[in-house]
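Each remark here refers to the structure printed beneath this line.
Start at 1 with the first residue, then count along the sequence. Quick caveat: nothing in here was measured; it's all calculated off a predicted structure.
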Amino acid sequence: MDSIGSGNGASAATLDQWRQFSRLFQYYLDKTTPHAIYRWIGTATLAVLFVLRVVYVQGFYIVTYGLGIYILNLLIGFLSPLVDPEVEPRDGPLLPTKESDEFKPFIRRLPEFKFWYAITKAFIISILMTFFSMFDVPVFWPILLCYWFVLFTLTMKRQIMHMIKYKYIPFSIGKQKYGGKKSSSASSSSGGGSRAD
């Protein structure tokens, strides 16, 4: 009986330690949220480490190909709107119906933070996989590279055509400003007068 009770106590203690670690990890992950530039610099460092590892070992091309397909899939989610106009067609943009409604021109299906987090995890897992020889499947890597570029080109072409068709831009830089029409007096005083010589 004591061995059963001590086994439950040990598993409960392990579970409690895992919960504490999970809370601590989430705490530090939440603190990185406003620091997008530093997060992406860290991810770029991981990408360089992965590339250096693959070049040094001269293998793990299947892992690299799988990573490339996964990143392409994440990129499509990052560039796609939350509500796809093909699935839910509308006659045009909807105006807010309540005072609490706010017009949002573009909401991503995959937010930037989740996009970053998924890519970072993918690079960490891929780097770890390069230390196990069972993931080093022999393949002719130039064919995989060509196939990935063809897949990337076709996918991006389809995504860009979707953006053009439904008139959305997934990136916004600053607040949009309306220029409006210039008044006729402003255009005539800026150099529109003729001189009589």
#### Entry: With R53 via salt bridge (Lys or Arg N to Asp or Glu O under 4.0 Å) - residues at least two apart
none
### Query
Is there a side-chain contact between T130 and V57, using heavy atoms and a 4.5 Å cut-off?
no
### Message
Less than 4.5 Å apart, side chain to side chain, heavy atoms only: is that true for L67 and F123?
### Response
yes
### Message
For the residue pair E112 / W40, report whether a side-chain donor-acceptor contact shorter than 3.5 Å exists.
### Response
yes
### Query
Would you call the rings of F113 and Y117 parallel, tilted or perpendicular if under 30° counts as parallel and over 60° as perpendicular?
parallel
### Message
For I143, is the CD1 atom crowded, meaning more than 12 foreign heavy atoms sit under 6.0 Å from it?
### Response
no
#### Entry: Minimum side-chain heavy-atom gap L29-F25 below 4.5 Å
yes
### Task
Kindly say whether F78 contributes a backbone atom to a donor-acceptor pair with the side chain of R108 at under 3.5 angstrom?
yes
### Query
Is L46 reachable from I37 through a run of hydrophobic residues whose side-chain heavy atoms are each under 4.5 Å from the next?
no
### Task
Rounded to the nearest 0.5 Å, what's the gap from CD on Q159 to CG on L154? Could you check?
13.5 Å
### Query
So, the side chain of T155 versus the backbone of F152: is there a donor-acceptor pair under 3.5 Å, distance only?
no
### Task
May I ask you to test the M156-L75 pair for a side-chain heavy-atom distance under 4.5 Å?
yes
### Query
Roughly how far, to the nearest 0.5 Å, is OG1 of T120 from CZ of F115?
10.0 Å
### Query
Can you name the one residue among T45, T64, V55 that meets side chain to side chain contact (heavy atoms under 4.5 Å, CB included) with F50?
T64
### Task
Without swapping roles, check the side chain of D136 against the backbone of F60 for a donor-acceptor pair under 3.5 Å.
yes
### Query
When clusters are formed by joining ILVMFWY residues with side-chain heavy atoms under 4.5 Å apart, either directly or through shared neighbours, do F135 and L145 land in the same one?
yes
#### Entry: R39 and T32 side chains, donor-acceptor separation under 3.5 Å
no
### Query
Tell me, do Y65 and W141 make a side-chain contact under 4.5 Å, heavy atoms counted?
no
### Task
Answer with yes or no whether the hydrophobic clustering places F131 together with I124; edges join I, L, V, M, F, W, Y residues whose side-chain heavy atoms lie under 4.5 Å apart.
yes
### Task
Count the heavy atoms of every other residue, nucleotide or ligand shown that sit under 6.0 Å from CD of Q20, and state whether that count exceeds 12.
yes
### Query
Is there a side-chain contact between Y61 and V54 (heavy atoms, below 4.5 Å)?
yes
### Cluster link I119 to I125, ILVMFWY, side chain under 4.5 Å
yes
#### Entry: Minimum side-chain heavy-atom gap L110-I76 below 4.5 Å
no
### Summary
Rounded to the nearest 0.5 Å, the CZ atom of R158 sits from the OG1 atom of T153 at a distance of 13.0 Å
### Query
V51, I69: one ILVMFWY side-chain cluster at the under-4.5 Å cut-off?
no
#### Entry: Minimum heavy-atom distance V63-M129, with the two atoms named
CG2-CE, 4.0 Å
### Message
Assess, by modelled atom type and distance only, whether the side chains of S22 and W18 contain a donor and an acceptor separated by less than 3.5 Å.
### Response
no
### Query
Which heavy-atom pair separates L74 from A118 by the least distance, and what is that distance?
CD1-CB, 3.6 Å
